[in-house]
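Everything on this sheet refers to the single structure shown next.
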Amino acid sequence: MSKRGYISRYLLILRRLKSKSYTTYEELLSYMENQLDYLQMQDDRLSMGISKRTLQRDIHDIRNLFGIDIEYSKSPKGYFIQQTEAENMNFQRMMEAFDMFTSLNLAHDLKPYIHLETRRPQGTENLYGLLHAIKNRCVIRFTYHKFWEDDSSIRTVEPYALKEFRNRWYLMAKDKKDGYVKSFALDRLSLLEITISTFTYPPDFNVDNTYRYCFGIISPSDEEPQDIVLSFDPFQGKYINTLPLHSSQQVLINNDDEFRIKLRLCVTYDLVMELLSFGDNLKVIEPQSLADDIKTAHKKAYSQYQKA
DNA sequence: TGAACTGGTTATTGAGGTCA
DNA sequence: TGACCTCAATAACCAGTTCA
């Protein structure tokens, strides 16, 4: 049986256990037989079902390989997954990856119907090394190339955390050169070297607190957060309502004429860029300084289309 | 062709239930 | 309450099958 076969089984076992509190062997077997038929696996043996022994082995492998704690309870007679919130988030990501893997494998003859994004975030090959350095408090060195600079520079930093934003990964680290905590995009990072020197993790550093009032990964130096009131047209408002711009988002008005929200944020470059991307679907109500910045940017854009 | 996977068998283990 | 029983999970072992 191909590796695709047993990875698909792992996916189905996890999906079933995640969707139901307690699941017996029989329920798992029945579910998997139905699902494997549905998946139309190109493996005749899979379509014939799987044995209880294989299912036992799969559960054992999932525990060992993925560190997912599948437990068994005798009183309600069933398997279940117990996870913390952080573990659950990792689990969801893994399930997404599994789903994508399965879908793409099933779709090998469906090329005309599936169109993948050709742009790919780079730098994820360093994720494991960076995690190792963060966990073991190892100082790292790498070459970093800013988009707005021609030359690369060698950075020596104390890595604190990894953060994802808009399908890109960023390293939060203290630059040894000036002592500031900065974000480094992994796709601009190369020649990673994990040194043997270690550092002490600052007890007062907390990623969530640091970026609590940030839209993206740009952290303001000393700027205080402020209330930002935005007015969207009702159509755009539906998107903003279902996918909030920030965790601080509060809906002020939601009617046929307007969708108005309030955010508690620091005004950073990435926030301004985001607001500009909404074009004429958005009007900044407060603060006036931000409204002026957006107005100036739109005026400048407009001027580019006027005849000289 | 060797390695890996799978299914069947069987012994062990442990939780839950029963009973004296 | 402790001894015993039952039942189902677990894991080791082996042989057949499939894969790379």
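All chains are named by letter (A, B, ...) in the order of the sequence lines, taking the proteins before the strands, and each is independently numbered beginning at 1. All figures in this text were calculated on a predicted structure; none of them were measured in a lab.
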ask   = Can you list every ring-ring contact (aromatic ring centres under 6.0 Å, His included) pair that touches residues 255-294 of chain A, not counting sequence neighbours?
value =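 Residue pairs with at least one partner in residues 255-294 of chain A: A:Phe232-A:Phe278.
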
Exercise for review: Go through the structure and list residues passing salt bridge (charged side-chain N to carboxylate O under 4.0 Å, His left out) with A:Arg260, not counting sequence neighbours.
Suggested key: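 Result, salt bridge (charged side-chain N to carboxylate O under 4.0 Å, His left out) vs A:Arg260: A:Glu258.
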
Please list, chain by chain and in numerical order, all residues satisfying salt bridge (charged side-chain N to carboxylate O under 4.0 Å, His left out) with A:Asp256, sequence neighbours excluded.
->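 Salt bridge (charged side-chain N to carboxylate O under 4.0 Å, His left out) check on A:Asp256 returns nothing, list empty.
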
Between [X] ([atom1]) and [N] ([atom2]), how many Å, whole number?
X	N	atom1	atom2	value
A:Tyr79	C:dT10	OH	P	3 Å
A:Asp58	B:dC5	CG	P	10 Å
A:His60	B:dA4	NE2	C1'	16 Å

Just the table, please: protein N/O against nucleotides 8-12 of chain B N/O, every pair under 3.5 Å.
from	atom 1	to	atom 2	distance (Å)
B:dG8	O6	A:Arg53	NE	3.2

Contacts under 3.5 Å, N or O only, protein and nucleotides 13-16 of chain B:
from	atom 1	to	atom 2	distance (Å)
B:dG14	N2	A:Lys74	NZ	2.2
B:dG14	N3	A:Lys74	NZ	3.1

Assess whether side chain to side chain contact (heavy atoms under 4.5 Å, CB included) is satisfied between A:Val229 and A:Leu263, documenting all intermediate values.
CA-CA 6 Å; A:Val229 179; A:Leu263 307 167; over 6 Å; no

Which salt bridge (charged side-chain N to carboxylate O under 4.0 Å, His left out) pairs, counting each pair once, include a residue from residues 224-241 of chain A, with sequence neighbours left out?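 Those involving residues 224-241 of chain A are A:Asp227-A:Arg264.
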
Strictly by salt bridge (charged side-chain N to carboxylate O under 4.0 Å, His left out), give each pair with a member in residues 192-201 of chain A just once, sequence neighbours left out.
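Of all non-adjacent pairs touching residues 192-201 of chain A, those that pass salt bridge (charged side-chain N to carboxylate O under 4.0 Å, His left out) are A:Arg141-A:Glu193.
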
Would you list the atom pairs, donor with acceptor, under 3.5 Å between side chains in residues 289-299 of chain A and any protein atom, with sequence neighbours excluded?
from	atom 1	to	atom 2	distance (Å)
A:Asp292	OD1	A:Gln288	NE2	2.9
A:Thr296	OG1	A:Asp292	O	2.8

Check your understanding: With A:Asn136, which residues qualify under side chain to side chain contact (heavy atoms under 4.5 Å, CB included), at least two apart?
Key ->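 Result, side chain to side chain contact (heavy atoms under 4.5 Å, CB included) vs A:Asn136: A:His132, A:Cys138.
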
